[in-house]
Number of protein chains: 2
Amino acid sequence: MRADARDNRERVLRAARAAFAEHGAQASLNKIAQSAGVGPGTLYRHFPTLGALLVAIIGDDVAALCEKGRDLLGHPSPVEALRTWLRAVAEHATTMRGLVAARMAVPPAPDDDAALAACHERIRATGSALLERAQRDGGVPGDVEIGDLLTLVNAIAWVSQQAPCDEYLLDRLLALVRGMEPLP
Amino acid sequence: MRADARDNRERVLRAARAAFAEHGAQASLNKIAQSAGVGPGTLYRHFPTLGALLVAIIGDDVAALCEKGRDLLGHPSPVEALRTWLRAVAEHATTMRGLVAARMAVPPAPDDDAALAACHERIRATGSALLERAQRDGGVPGDVEIGDLLTLVNAIAWVSQQAPCDEYLLDRLLALVRGMEPLP
DNA sequence: GCTCAACCGGAGAGGCTCTCCGGTTTAAGT
DNA sequence: ACTTAAACCGGAGAGCCTCTCCGGTTGAGC
């Protein structure tokens, strides 16, 4: 990739991060391009879809969540480890005004963005390890599926951003999930 | 209201119902007006916002849900009654490609649509009666709040519509909620 | 039948997404 | 260092969209 191209790409990413954080999915790609100092054509060449742009932004976050998950595999309480990690996933999914949660909630269709599918798979693999460990420990019912659990956590994260004034909503809703009951 | 005005209003509602069912929130109000055979101005005069249009469409459904809730207050098992009703709420919220769930998920802001707030309040009152009965019966923990429960149910309904090919997702996610465990 | 308030709908402003293509710049090869 | 071809840039513009305004029309009451 040419140096000027990489430069533009990064300027777009910076502008997009700011715009998504402020306006969520309603952010105008036009204005992102403008505030990045490039033309619309340049933006669309680098990121053909809004999804591609988002995945490029959160790629590092996904890696961080996976690493945190790996660390938690060494936690003395498997159930506590799973809970902590799901809380972190939910917390991250609330960024960008719930745009991340909306995009990550369900497995992508086969013809969808490949990078998005990769993010999904990495999160799923990490969660699967944590869940199975918690299930072997007996603290979580065996019929719980990691895909469903992640979907539910993302749904909760999404809806929490719909009522931005209620800052404890996320935790209250998570507490309504089986296996995430508040500790006595 | 003049006869022609009422006529137009109902034609718009019919067209909107069809368009929302097909395209959800991405439905074009322009095309709704066109397929109803009226101009954009007419549509916007009757329904200034997308929310107003949606509330007008689902008004009857909300009444039906409340009536079903009242009937279920006579059910022999309070817990079963609550479960059945929440399942019905979720089922209804998945209509219009999740648009209903998205609009009903969290309490409306004070400056929001008055009709929407009324819908919210009616649903909440019905659910509250069912929940308190189930809590008195001892089948549901006392710390559960009806507002949170409805928000969670709507979030589940919304996310279920994000993966339209997985028809059992709604039930699997509901089963992950405390108090909605599958019966043995 | 007359009147006038209520209503209609199209024109149009302004914004958005996304594409296309002529001009420019960079990196590689000599 | 110079040439060259491929890669890249960005603006113009087509075709959507939302929402408003206003001149012409229609229906309800007298």
Side-chain angles (χ1 to χ4, degrees), chain A residues 1-57 96-99 102-103 109 111-116, chain B residues 1-57 96-99 102-103 109 111-116:
Chain A
M1 178 179 289
R2 264 166 53 170
D4 56 344
R6 182 172 52 246
D7 212 54
N8 275 333
R9 191 187 141 93
E10 282 181 11
R11 281 223 306 284
V12 167
L13 282 177
R14 267 198 299 278
R17 187 182 293 271
F20 285 153
E22 188 171 1
H23 302 108
Q26 268 65 52
S28 154
L29 298 186
N30 245 4
K31 284 186 180 164
I32 290 174
Q34 193 179 345
S35 90
V38 304
T42 301
L43 185 149
Y44 281 95
R45 198 172 336 98
H46 282 293
F47 308 101
T49 68
L50 187 142
L53 187 48
L54 188 71
V55 166
I57 290 176
M96 318 272 171
R97 298 182 78 80
L99 179 56
R103 198 58 61 158
D111 60 339
D112 218 328
D113 200 83
L116 177 62
Chain B
M1 176 179 290
R2 261 165 56 170
D4 56 343
R6 183 173 52 246
D7 211 56
N8 275 332
R9 190 188 141 92
E10 284 182 11
R11 280 223 306 283
V12 168
L13 282 177
R14 268 198 298 278
R17 186 183 291 272
F20 285 155
E22 189 171 2
H23 302 109
Q26 268 65 52
S28 154
L29 298 187
N30 244 3
K31 285 186 179 164
I32 289 174
Q34 194 178 346
S35 89
V38 305
T42 301
L43 186 148
Y44 281 95
R45 197 170 340 96
H46 283 293
F47 308 102
T49 67
L50 188 142
L53 187 47
L54 189 70
V55 167
I57 289 177
M96 317 274 169
R97 298 183 76 81
L99 178 56
R103 199 58 61 157
D111 61 338
D112 220 325
D113 200 84
L116 177 62

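Note that these values count all heavy atoms, side chains included, but never hydrogens, waters or copies made by symmetry. Proteins get letters first, then strands, A, B, ... in listed order; numbering begins at 1 in each. These numbers were taken from a predicted model, which means no experiment stands behind them.
Residues of residues 12-36 of chain B having a heavy atom closer than 4.0 Å to DNA chain D, listed by number: B/Ala27, B/Ser28, B/Leu29, B/Asn30, B/Lys31.
Across all non-hydrogen atoms, the minimal contact from A/Ala16 to A/Ile57 is CB-CD1, 3.7 Å.
For B/Ala21, the side chain to side chain contact (heavy atoms under 4.5 Å, CB included) test picks out no residue, with sequence neighbours left out. Here A/Arg97 pairs with nothing under the side chain to side chain contact (heavy atoms under 4.5 Å, CB included) rule; sequence neighbours left out.
Contact of the B/Leu53 side chain with the B/Val12 side chain is registered, since non-hydrogen atoms from C-beta on lie closer than 4.5 Å.
In this structure, the CZ atom of A/Phe47 is 16 Å from the C1' atom of D/dG10, given to the nearest Å. As a whole-Å value, the separation of B/Leu50 CG from D/dT18 P is 9 Å. Taking atom CZ of residue A/Arg11 and atom P of nucleotide D/dC8, one finds them 15 Å apart after rounding to whole Å. Between B/Leu53 atom CG and D/dC19 atom P the separation is 12 Å, expressed in whole Å.
Within the structure, side chain to side chain donor-acceptor pair (under 3.5 Å) contacts touching residues 4-14 of chain A (residues at least two apart or in different chains) are A/Arg2-A/Asp4, A/Asp7-A/Arg11, A/Asn8-A/Arg11.
Along DNA chain C, the nucleotide nearest B/Arg6 and the nucleotide nearest A/Tyr44 are compared for position; the residue whose nucleotide lies closer to the 5' end is B/Arg6. Looking at which nucleotide of DNA chain D each of B/Ala3 and B/Pro48 is closest to, the 5′-most match is held by B/Pro48.
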Are there any protein N/O atoms within less than 3.5 Å of an N/O atom in nucleotides 5-7 of chain C, and if so, which ones and at what distance?
unit_1	atom_1	unit_2	atom_2	d
C/dA6	N3	B/Arg2	NH1	2.8

Could you go through residues 30-50 of chain A and list every donor-acceptor pair under 3.5 Å that involves a side-chain atom there, pairing it with any protein atom two or more places apart or in another chain?
unit_1	atom_1	unit_2	atom_2	d
A/Ser35	OG	A/Ile32	O	3.4
A/Thr49	OG1	A/Gly51	N	3.4
A/Thr49	OG1	A/Ala52	N	3.0

